[in-house]
Asker: 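I'd like to ask some things about the structure below.
Along the sequence shown, residues are numbered consecutively beginning with 1.
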Amino acid sequence: PLLEDFKKQTGITPKIIFASSGLTERLKQEGKDSPADVVLTVDVSRFRQLDADKLSSAIDSQVLKANIPKRYRSQDNTWFGLTLRARIIYASKERVKKGLIQDYEDLTESRWRGKICTRSGYHRYNLSLLSSIIAAKGEAYAQKWLTGLKRNLARRPQGNDRQQIKAIRDGLCDISIGNSYYYGKMLFNAESPKQASWAKSVYLIFPNQGNRGTHMNISGAALTRYAPNKANALKLIEFLSSDSSQYLYAEHNYEFPVNPKVKRSKKVAAFPEKFKEDSASLTEIMKLLEKATIITDKVGFDN
């Protein structure tokens with residue numbers, strides 16, 4: 001819907017190529033001959049990879065700077081967040097009393113021994129969360145936290161975020177860590193209605209509201225290094241950063257607008273109208289991904 005609106009307003013027709021993986025490799029192989037102008041993707045680590053491989057280009061845009069808070073865009077303006085997802089805690093309505101878990105740190109308490117499910121510790125979503133803990137409390141604490149989390153696992157890390165919530169519904173565990181938007185995608189999944197029963201078995205915890213806030217990640221956009229249509233590409237990214245686009249983008253994906261001035265969709269009533277977001281810069285968190293990977297190795301989290 002957004003791209004149709006963009007076409008109507010500008011007369012520019014975006015051509016879309018979707019890939020679940022391999023876009024960075026494709027851009028590398030195509031080099032200067034790449035027809036790609038814009039990369040739309042999720043998670044700060046993917047934008048970090050684009051930067052590391054010198055596949056993105058800096059954008060000097062006052063529109064983007066005005067629409068997107070500093071902590072949700074790169075320091076050198078090579079990528080810009082458009083919507084936000086929170087890395088939250090899902091808990092069983094039947095077996096986890098509300099109020100017992102307030103922070104990510106609480107997941108290491110002995111009362112949760114054998115009660116937690118999660119996907120691989122090496123998945124970019126979990127590495128980004130661990131990086132945020134390093135940023136907040138240092139490497140030593142982050143390793144201690146991950147060790148405690150591993151000790152409380154009900155099973156070996158496996159599956160995706162939705163599978164963890166299914167495991168809670170099935171009684172395999174009581175708690176999981178996952179991205180917030182999956183709740184909406186499960187609750188309103190017309191293609192797989194059974195997923196609604198998974199979602200209805202849990203309640204949502206937005207952690208660390210009394211201190212640093214909940215860890216956030218992005219869906220966003222980057223201008224490619226060799227973009228053949230830079231002027232039109234900039235128009236598209238600026239369009240996607242507008243108030244109306246952020247609202248629609250977030251509503252369709254069950255996410256939150258990056259711009260705090262843009263109202264949030266009421267589509268998922270279980271999401272709080274307001275909550276405290278971790279104020280750490282995603283650029284700074286991004287720099288800690290290697291350390292997060294090393295800590296995950298040391299702990300042997302997936303073993």
Side-chain angles (χ1 to χ4, degrees), residues 1-10 12 14 16 38-44 46-47 56 59-75 77-88 125 128-129 132 178-188 204-209 212-223 232-286:
L2 282 172
L3 297 177
E4 285 300 317
D5 284 349
F6 177 71
K7 181 179 177 180
K8 288 177 184 176
Q9 290 186 31
T10 64
I12 300 167
I16 308 300
V38 177
V39 174
L40 297 173
T41 190
V42 299
D43 196 271
V44 67
R46 286 195 172 106
F47 291 109
S56 52
I59 300 174
D60 185 12
S61 167
Q62 294 306 312
V63 171
L64 293 175
K65 290 176 182 177
N67 289 345
I68 300 169
K70 194 173 182 180
R71 69 178 181 272
Y72 295 133
R73 50 185 162 91
S74 71
Q75 290 176 344
N77 298 314
T78 55
W79 52 263
F80 296 83
L82 298 171
T83 58
L84 295 170
R85 65 273 303 276
R87 194 75 179 150
I88 64 173
Y125 298 158
S128 294
L129 172 60
S132 75
N179 284 348
S180 54
Y181 66 89
Y182 285 116
Y183 186 81
K185 286 183 177 290
M186 289 185 295
L187 205 58
F188 303 107
L204 318 183
I205 302 168
F206 284 72
N208 297 80
Q209 293 303 289
R212 67 182 179 277
T214 299
H215 171 57
M216 309 297 290
N217 215 317
I218 58 169
S219 298
L223 177 69
N232 286 350
L234 178 57
K235 287 179 183 178
L236 174 60
I237 298 173
E238 289 182 339
F239 171 81
L240 292 174
S241 79
S242 68
D243 289 6
S244 59
S245 293
Q246 278 196 46
Y247 178 84
L248 284 174
Y249 200 167
E251 184 179 53
H252 279 283
N253 288 332
Y254 305 101
E255 295 185 301
F256 308 102
V258 163
N259 189 337
K261 295 178 183 177
V262 178
K263 67 177 181 177
R264 292 173 174 170
S265 171
K266 301 286 187 183
K267 208 166 186 178
V268 182
F271 291 165
E273 187 172 342
K274 289 185 179 180
F275 62 90
K276 186 176 181 180
E277 302 167 7
D278 190 336
S279 61
S281 162
L282 287 185
T283 299
E284 295 306 314
I285 288 175
M286 185 173 66

Asker: With sequence neighbours left out, write down each residue that passes ring-ring contact (aromatic ring centres under 6.0 Å, His included) with Tyr249, or none if nothing qualifies.
Answerer: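 Not a single residue meets the ring-ring contact (aromatic ring centres under 6.0 Å, His included) criterion with Tyr249.
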Asker: Provide the full list of salt bridge (charged side-chain N to carboxylate O under 4.0 Å, His left out) pairs with a residue in residues 237-258, sequence neighbours left out, each pair given once.
Answerer: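 Output for this query lists Arg85-Glu255.
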Asker: With sequence neighbours excluded, what pairs up with Leu3 under the side chain to side chain contact (heavy atoms under 4.5 Å, CB included) test?
Answerer: Pro14, Ile16, Leu236
Asker: Considering residues at least two apart in sequence or located in another chain, which fulfil the side chain to side chain contact (heavy atoms under 4.5 Å, CB included) criterion with Thr41?
Answerer: Val39, Arg46, Phe47
Asker: Can you list the residues that meet the ring-ring contact (aromatic ring centres under 6.0 Å, His included) rule with Phe275, with sequence neighbours excluded?
Answerer: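 Per chain and number, Phe275 pairs via ring-ring contact (aromatic ring centres under 6.0 Å, His included) with Phe206, Phe256.
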Asker: According to side chain to side chain donor-acceptor pair (under 3.5 Å), who are the partners of Tyr125, at least two apart in sequence or on a separate chain?
Answerer: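 Scan of Tyr125 (side chain to side chain donor-acceptor pair (under 3.5 Å), adjacent residues dropped) gives Tyr181.
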Asker: Output all residues satisfying side chain to side chain contact (heavy atoms under 4.5 Å, CB included) with Ser244, sequence neighbours left out; order by chain, then residue number.
Answerer: Ser242
Asker: Looking only at non-hydrogen atoms, find the nearest pair between Lys65 and Asn77 and report the distance.
Answerer: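 Here Lys65 and Asn77 meet closest at CE-ND2, 3.6 Å.
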Asker: With sequence neighbours excluded, what pairs up with Asn208 under the side chain to side chain donor-acceptor pair (under 3.5 Å) test?
Answerer: Glu105, Asn211
Asker: Among all residues two or more places apart in sequence or in another chain, which pass the side chain to side chain donor-acceptor pair (under 3.5 Å) test with Ser132?
Answerer: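 Applying side chain to side chain donor-acceptor pair (under 3.5 Å) to Ser132 gives none.
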Asker: With sequence neighbours left out, write down each residue that passes side chain to side chain donor-acceptor pair (under 3.5 Å) with Tyr183, or none if nothing qualifies.
Answerer: none
Asker: Taking it one step at a time, do Asn217 and Asp43 satisfy side-chain hydrogen bond (donor to acceptor under 3.5 Å, both in side chains)?
Answerer: CA-CA 6 Å; Asn217 215 317; Asp43 196 271; 2.8 Å; yes
Asker: Apply side chain to side chain contact (heavy atoms under 4.5 Å, CB included) to Pro260 and list each qualifying residue two or more places apart in sequence or on a separate chain.
Answerer: Pro69
Asker: For Tyr247, what residues pass the ring-ring contact (aromatic ring centres under 6.0 Å, His included) criterion, not counting sequence neighbours?
Answerer: none
